[in-house]
Amino acid sequence: MHEHTEHTRGPESAPGPAAGTTLGTAVLRIAAAVEEHAEDEAERASSAALAIPHTHGSVAIASATNRLLTRVEGLAVGIEYIPVCRRGARGVGVLARWETLKAKGPAPDPLGNWSYMRDLAHLARDMVRVLRDHRTAERPKVFVGRPGMPPLTPSTP
């Protein structure tokens, strides 16, 4: 049998994030980056869909609709993770609109698929706005305002 030897390194030689950073902090930074990337992709998909004219082919409209459905489903999960008491009216509204769009689907008229794609694009943009507003509200405030006096920084004694 082989003996198992445990190797240890000092903090100065450890690979990865800077010293003093915990694994939890690093994971949160990565998660935030992934969320922001998903939001950026949803915005790009929305912009691309809104640029498609109603005279475009049905394949392009179906493809854009499929991309938007995927993005909106992911954004809806993110909004559902926000506690109801902190979602705000816009957060509740976009989830209600999402449920309505899922249930109804595209209208049977000639512009039904195109209109549905545009509704999804606007919904995706609103969902991104809800998530970014929530993230901004949850960030710790750096400065404390004092009327008539200079602001305090966290390092001010």
Side-chain angles (χ1 to χ4, degrees), residues 2-52 60-106 116-157:
H2 298 296
E3 287 186 36
H4 176 69
T5 307
E6 187 172 323
H7 297 281
T8 59
R9 294 184 195 179
E12 65 280 347
S13 64
T21 307
T22 65
L23 178 61
T25 304
V27 169
L28 287 175
R29 285 184 188 151
I30 292 169
V34 169
E35 288 172 355
E36 289 172 9
H37 176 72
E39 292 164 5
D40 291 343
E41 287 296 316
E43 279 190 327
R44 277 193 280 283
S46 295
S47 295
L50 291 171
I52 296 175
I61 292 172
S63 175
T65 302
N66 190 34
R67 275 193 305 277
L68 286 167
L69 284 169
T70 302
R71 301 288 181 218
V72 168
E73 284 175 6
L75 294 170
V77 169
I79 294 172
E80 288 169 351
Y81 274 110
I82 299 172
V84 177
C85 61
R86 291 192 294 192
R87 257 183 222 162
R90 185 181 286 170
V92 172
V94 295
L95 288 177
R97 278 180 39 214
W98 169 229
E99 291 301 322
T100 302
L101 283 173
K102 274 196 311 189
K104 288 172 62 176
Y116 186 67
M117 174 197 66
R118 291 183 61 81
D119 287 342
L120 287 172
H122 288 293
L123 179 63
R125 282 187 171 177
D126 291 344
M127 286 180 157
V128 167
R129 188 173 302 126
V130 166
L131 290 168
R132 289 184 175 161
D133 289 348
H134 174 72
R135 191 178 307 116
T136 301
E138 293 294 309
R139 281 193 185 123
K141 307 301 182 246
V142 177
F143 294 105
V144 177
R146 302 181 299 167
M149 300 179 83
L152 290 174
T153 62
S155 61
T156 302

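Just so it is clear, the values below take in all heavy atoms, side chains as well, and ignore hydrogens, waters and symmetry mates. Predicted model only: the values in this text are computed from it and were never measured.
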query: So which heavy atom on Leu101 is nearest to which on Tyr116, and how close?
result: O-OH, 3.3 Å
query: To the nearest 0.5 Å, how far apart are CZ in Arg71 and CD in Glu43?
result: 12.0 Å
field: Taking every non-hydrogen atom, the tightest pair across Ala42 and Val128
entry: CB-CG2, 4.0 Å
- request: Mind listing the closest non-hydrogen atom pair of Ala64 and Ile52 along with its distance?
  value: CB-CD1, 3.8 Å
Side chains of Leu131 and Glu35 in contact at under 4.5 Å (non-hydrogen atoms): no
- request: Could you grab the distance from atom NE2 of His122 to atom CG of Leu68, nearest 0.5 Å is fine?
  value: 10.5 Å
task: Classify the side-chain pair Thr136/Arg132 by whether it contains a donor and acceptor separated by less than 3.5 Å.
output: no
query: Taking all atoms of both residues into account, what is the closest heavy-atom pair of Ala121 and Ser46, and its distance?
result: O-OG, 3.1 Å
query: Given side chains that start at C-beta, do those of Arg125 and Ser47 come closer than 4.5 Å, heavy atoms only?
result: yes
- prompt: Donor-acceptor pair, Arg87 side chain versus Glu80 backbone, under 3.5 Å?
  reply: yes
message: Can you give me the closest heavy-atom contact between Leu95 and Ala76, atom names plus distance?
response: CD2-O, 4.0 Å
query: For the atom pair CG (Leu75) and CD (Glu41), what is the distance rounded to the nearest 0.5 Å?
result: 11.0 Å
field: Thr65 and Ile61, any side-chain heavy atoms less than 4.5 Å apart
entry: yes
- request: Working to the nearest 0.5 Å, report the span between NZ of Lys102 and OG1 of Thr100.
  value: 10.5 Å
message: I need the minimum non-hydrogen distance between Leu123 and Val94, along with the two atoms involved.
response: CD1-O, 3.5 Å
- request: Enter the distance from Met127:CE to Arg97:CZ here, rounded to the nearest 0.5 Å.
  value: 8.0 Å
